[in-house]
Chemist: 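Pasting in a structure now, in structure tokens, and then I'll have a few things to ask.
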Amino acid sequence: MIRFPIPPMSPIASRNVAVIGAGAAGLIAAHELRQEGHKVVVFERETQVGGTWLYMPDTESDPIGIDPARNVVHSSLYASLRTNLPREVMGYRVFPFVAKKGADRDQRRFPCHSEVLEYLKDFARDFGIYELVRFGIEVNKVELTEEGRWNVKSRRIEGKDQEKLDEVYDAVVVCNGHYTEPRLAEIPGIESWPGRQIHSHNYRHPERFQDQVVVLIGSANSAADISRELSGVAKEVHISSRSMEDGNEGKLAGYDNIWLHPMIKRVHGDGSVAFLDGKVVSADIILHCTGYKYHFPFLETNGIVTVDDNRVGPLYKHIFPPALAPRLSFVGLPWKVVPFPLFELQSKWIAGLLSGRLLLPCPKEMMAEVEDFYASLEAYGLPKRYTHNLADYQFEYDDWLASKCGCPPIEEWRKQMYADTSKRKRSHPETYRDQWQDEHLRLQAEDDFLKYLAKVPQ
Ligand SMILES: Cc1cc2nc3c(=O)[nH]c(=O)nc-3n(C[C@H](O)[C@H](O)[C@H](O)COP(=O)(O)OP(=O)(O)OC[C@H]3O[C@@H](n4cnc5c(N)ncnc54)[C@H](O)[C@@H]3O)c2cc1C
């Protein structure tokens with residue numbers, strides 16, 4: 001039986017901390033925790049760091065990802081993917097994402113995915129993170145002990161050696177990513193529709209779509225990139241999205257074979273797909289670019305933390321369940337954000353709270369704030385699945401964390417560059433990665449990076 005409230009932590013102390021995942025979130029969490037004096041073990045199922053940025057040519061046995069027995073592939077990257085943020089904006093603040101020379105490096109401002117992987121590998125090497133990571137080890141159970149610590153069970157996932165570990169940690173930081181479990185659009189009539197379905201998680205190359213009529217559902221970054229890539233090989237591409245504004249339906253400007261539609265009304269046994277605007281097409285494939293679900297199959301909190309319609313909660317500031325803070329935390333849940341610097345600030349705060357250098361409000365106050373936040377979302381008519389969408393206030397959130405940690409707010413150039421990129425992505429989706437108008441901001445960033453690099457011992 002678990003006793004509550006769990007015992008308070010003694011002030012200014014070093015903790016044994018388990019970090020789950022060695023993607024961009026887990027790497028910076030490991031760094032910040034160690035900087036604060038904690039003892040850190042990072043568990044990583046793969047044999048390399050990088051998480052999402054470790055491109056995997058293989059796809060899953062179930063192309064829409066609903067079969068629980070399927071082989072799970074972690075990364076959702078497609079072969080042609082280039083970043084949707086300029087490298088200056090994207091990098092950690094403590095390790096600028098500057099262009100490097102080398103045969104395997106891509107010096108462009110919006111580089112291809114392998115360049116981000118190289119950057120993360122550089123970070124792990126330069127900051128001595130590799131020595132903290134246990135590779136090829138999957139965490140399969142995280143449970144609260146009677147003393148309010150965490151029992152972490154893990155196992156080696158490949159090879160004859162069936163090594164299993166059962167250990168106790170003072171705290172767990174969950175950094176397992178949230179772009180692996182596909183979310184699907186609900187489509188009336190889909191059970192009897194005879195065509196193929198695939199989720200963008202399993203999209204790698206356009207060739208399989210040669211001469212096909214494709215209905216692509218979604219409007220986020222992947223949908224924009226993949227629909228344009230498909231137009232080069234497919235017969236027709238029909239984009240269906242919730243955000244399609246009235247009057248914008250019809251052919252996409254600049255393309256002969258891309259059409260824009262509102263949501264799908266119904267699909268039929270004869271292969272036809274009917275949209276809410278009354279248009280009907282006969283399609284071969286439905287491609288779901290409809291996002292992902294938060295998924296923590298290893299986490300056992302006796303119902304304290306749940307995932308409900310993609311709300312992970314209750315969480316104070318998207319990080320701590322009030323009843324278990326600060327011993328359980330999540331890094332990287334927010335979306336529609338600049339991820340790496342946000343991970344950095346979340347991690348810094350967690351590290352300071354775990355040592356007792358920084359303090360949280362009491363669980364009751366945190367819970368009251370979480371409830372107020374949920375009530376405000378409801379008042380705006382926002383469904384639970386928008387809980388971690390920080391589009392309208394990501395920098396306010398970052399700056400709040402920065403102030404708690406006593407570090408400078410997000411740089412003005414970074415905020416402005418993000419805003420300019422978002423605008424250009426909408427107005428010039430084909431060219432925003434290669435043509436820009438924010439050279440003055442890029443120079444400011446470079447200037448900042450030079451000052452930073454001058455301080456770092458080479
Ligand atoms: C298609 C796509 C394009 C994107 N483009 C951009 C972009 O241009 N710019 C940008 O900044 N962001 C982009 N992102 C967001 C990107 O996901 C984040 O930048 C970031 O990489 C997420 O890092 P993470 O550490 O939270 O998760 P991940 O990178 O997913 O890492 C999680 C790690 O946890 C490990 N793991 C999971 N479960 C376990 C377990 N039980 N035991 C042990 N290990 C485990 C996984 O193997 C993985 O290594 C994109 C995302 C996608 C899907």
Side-chain angles (χ1 to χ4, degrees), residues 19-33 35-36 49-53 83-97 116 119-120 123 127 129 173-179 220-221 291-292 294 310-313 315-320 325-326 328-354 358 360 370 373 386-422 425 445 448-449 452:
V19 173
I20 304 174
L27 294 175
I28 192 73
H31 167 67
E32 294 294 347
L33 287 161
Q35 282 288 99
E36 187 77 23
V49 300
T52 286
W53 298 98
T83 64
N84 51 47
L85 292 173
R87 57 165 70 234
E88 301 85 16
V89 172
M90 198 173 148
Y92 301 127
R93 297 169 80 194
V94 75
F95 190 61
F97 190 6
V116 185
Y119 164 76
L120 291 173
F123 174 75
F127 282 66
I129 308 295
V173 183
V174 179
C175 303
N176 68 328
H178 52 91
Y179 293 106
N221 291 319
Y292 295 87
Y294 295 99
N310 245 12
R311 167 183 290 172
V312 186
L315 291 186
Y316 179 63
K317 305 291 180 194
H318 307 276
I319 299 175
F320 295 112
L328 178 67
S329 56
F330 296 80
V331 176
L333 299 189
W335 50 282
K336 287 220 175 172
V337 296
V338 178
F340 294 13
L342 180 141
F343 299 167
E344 196 171 349
L345 288 164
Q346 289 186 322
S347 301
K348 218 182 255 300
W349 194 42
I350 294 167
L353 288 163
L354 279 173
L358 304 175
L360 279 170
V370 175
F373 171 55
Y386 283 83
T387 300
H388 307 294
N389 173 355
L390 266 54
D392 295 334
Y393 65 100
Q394 65 157 324
F395 293 126
E396 228 175 290
Y397 174 82
D398 288 345
D399 289 350
W400 184 89
L401 287 173
S403 74
K404 289 284 158 192
C405 301
C407 58
I410 294 287
E411 308 87 334
E412 279 310 312
W413 61 257
R414 200 183 296 253
K415 293 176 181 168
Q416 193 53 50
M417 203 182 266
Y418 176 80
D420 286 6
T421 303
S422 306
K425 199 190 302 173
D448 254 16
F449 294 165
Y452 163 79

Chemist: Which heavy atom in Ala402 sits nearest to a heavy atom in Pro408, and how many Å separate them?
Modeler: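 In terms of heavy atoms, the two residues are closest at CB-O, 3.6 Å.
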
Chemist: Between the main-chain N or O of Trp400 and the side-chain N or O of Ser403, is there a donor-acceptor pair closer than 3.5 Å?
Modeler: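 Yes.
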
Chemist: Do side-chain atoms of Asp399 reach the backbone of Ile410 as a donor and acceptor pair under 3.5 angstrom?
Modeler: yes

Chemist: Would you say the side-chain atoms of His388 pair up with the backbone N or O of Val312, donor to acceptor, closer than 3.5 Å?
Modeler: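 Yes; at least one donor-acceptor contact below 3.5 Å.
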
Chemist: Please round to the nearest 0.5 Å and tell me the distance separating atom CD of Glu32 and atom CG of Leu27.
Modeler: 12.0 Å

Chemist: I'd like to know if the side chain of Tyr92 reaches the main chain of Leu120, judged simply by a donor and an acceptor atom lying under 3.5 Å from each other, with no hydrogens or angles considered.
Modeler: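 Not a single qualifying donor-acceptor pair exists.
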
Chemist: For Ala25, give me all partners under side chain to side chain contact (heavy atoms under 4.5 Å, CB included), at least two apart in sequence or on another chain.
Modeler: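 By the side chain to side chain contact (heavy atoms under 4.5 Å, CB included) rule, Ala25 matches Cys175, Val331, Phe343.
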
Chemist: So Gln394 and Pro334, do their side chains get closer than 4.5 Å, heavy atoms only?
Modeler: no

Chemist: NZ/Lys425 to CG/Asp420 distance, rounded to the nearest 0.5 angstrom?
Modeler: 12.5 Å

Chemist: Which pair of non-hydrogen atoms, one from Leu345 and one from Cys405, has the smallest distance, and what is that distance?
Modeler: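 Closest approach of Leu345 to Cys405: O-SG, 4.1 Å.
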
Chemist: Under 4.5 Å between any side-chain heavy atoms of Ile129 and Val49, yes or no?
Modeler: no

Chemist: Would Trp413 and Phe449 count as a ring pair (Phe, Tyr, Trp, His ring centres under 6.0 Å) if you check the C-alpha gap in whole Å, the side-chain angles of each, and the deciding distance to 0.1 Å?
Modeler: CA-CA 12 Å; Trp413 61 257; Phe449 294 165; 5.6 Å; yes

Chemist: Does Gln346 reach the main-chain N or O of Ile319 with its side chain, forming a donor-acceptor pair under 3.5 Å?
Modeler: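 Checked: no pair found.
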
Chemist: Relative to each other, are the rings of His31 and Phe127 parallel, tilted or perpendicular (30° and 60° limits)?
Modeler: perpendicular

Chemist: Just to verify, what does His178 make a ring-ring contact (aromatic ring centres under 6.0 Å, His included) with, not counting sequence neighbours?
Modeler: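 His178 satisfies ring-ring contact (aromatic ring centres under 6.0 Å, His included) with Tyr294 once adjacent residues are dropped.
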
Chemist: Would a 4.5 Å heavy-atom cut-off, applied to side chains only, mark Pro339 and Leu85 as touching?
Modeler: yes

Chemist: Would you mind telling me which of Glu411, Gln416, Glu412 makes a side-chain hydrogen bond (donor to acceptor under 3.5 Å, both in side chains) with Arg414?
Modeler: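 Going through Glu411, Gln416, Glu412 one by one, the side-chain hydrogen bond (donor to acceptor under 3.5 Å, both in side chains) with Arg414 is satisfied by Glu411 alone.
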
Chemist: Could you walk me through whether Val116 and Phe340 satisfy the side chain to side chain contact (heavy atoms under 4.5 Å, CB included) test, starting with their C-alpha distance in whole Å, then the side-chain angles of each, then the deciding distance to 0.1 Å, before giving a yes or no?
Modeler: CA-CA 11 Å; Val116 185; Phe340 294 13; 4.1 Å; yes

Chemist: State the CG-OG distance between Leu353 and Ser329, to the nearest 0.5 angstrom.
Modeler: 9.0 Å

Chemist: The criterion is side chain to side chain contact (heavy atoms under 4.5 Å, CB included); which residues satisfy it with Ser422, sequence neighbours excluded?
Modeler: Tyr418, Arg426

Chemist: What's the verdict on side chain to side chain contact (heavy atoms under 4.5 Å, CB included) for Leu342 and Leu390, showing C-alpha distance, side-chain angles and the deciding distance?
Modeler: CA-CA 11 Å; Leu342 180 141; Leu390 266 54; 4.2 Å; yes

Chemist: Between Leu360 and Trp349, is the side chain to side chain contact (heavy atoms under 4.5 Å, CB included) condition met? List the steps.
Modeler: CA-CA 10 Å; Leu360 279 170; Trp349 194 42; 3.7 Å; yes

Chemist: Taking atom NE2 of His318 and atom CZ of Arg311, what is their separation to the nearest 0.5 Å?
Modeler: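 These two atoms lie 10.0 Å from each other.
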
Chemist: With a 4.5 Å heavy-atom cut-off, do Asn176 and Phe330 have their side chains touching?
Modeler: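 Counting from C-beta outward, Asn176 and Phe330 never come under 4.5 Å.
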
Chemist: Side chains of Ile350 and Phe320: does their closest heavy-atom pair fall under 4.5 Å?
Modeler: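 Counting from C-beta outward, Ile350 and Phe320 do come under 4.5 Å.
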
Chemist: Please work out which of the three classes, parallel, tilted or perpendicular, describes the rings of Tyr179 and Tyr292, given edges at 30° and 60°.
Modeler: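 Rings of Tyr292 and Tyr179: perpendicular, as their planes differ by over 60°.
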
Chemist: Is it the case that the side chain of Tyr119 and the backbone of Arg87 share a donor-acceptor pair, with hydrogens and angles ignored and the cut-off at 3.5 Å?
Modeler: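 No; judged by distance alone, with no hydrogens or angles, the pair does not exist.
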
Chemist: Find the distance between CG (Leu401) and CD (Glu396) and round it off to the nearest 0.5 Å.
Modeler: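 Result: 11.5 Å between the selected atoms.
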
Chemist: When rounded to the nearest 0.5 angstrom, what is the spacing between NZ in Lys317 and NZ in Lys404?
Modeler: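 Separation between the atoms: 8.0 Å.
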
Chemist: Are any of the side-chain heavy atoms of Leu358 and Pro326 separated by less than 4.5 Å?
Modeler: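 No, their side chains stay 4.5 Å or more apart.
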
Chemist: Evaluate the side-chain proximity of Val370 to Leu315: yes if any heavy-atom separation is below 4.5 Å, no if none is.
Modeler: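 Of all side-chain heavy-atom pairs linking Val370 with Leu315, none is under 4.5 Å.
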
Chemist: Give the intermediate values and the outcome of side chain to side chain contact (heavy atoms under 4.5 Å, CB included) for residues Phe373 and Thr387.
Modeler: CA-CA 9 Å; Phe373 171 55; Thr387 300; 3.8 Å; yes

Chemist: Between Ile28 and Phe123, is any pair of side-chain heavy atoms under 4.5 Å apart?
Modeler: yes

Chemist: Assess whether a salt bridge exists between Glu344 and Arg93, defined as any Lys/Arg side-chain N lying under 4.0 Å from an Asp/Glu carboxylate O.
Modeler: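 Here Glu344 does not pair with Arg93 in a salt bridge, since their nearest N and O are not under 4.0 Å apart.
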
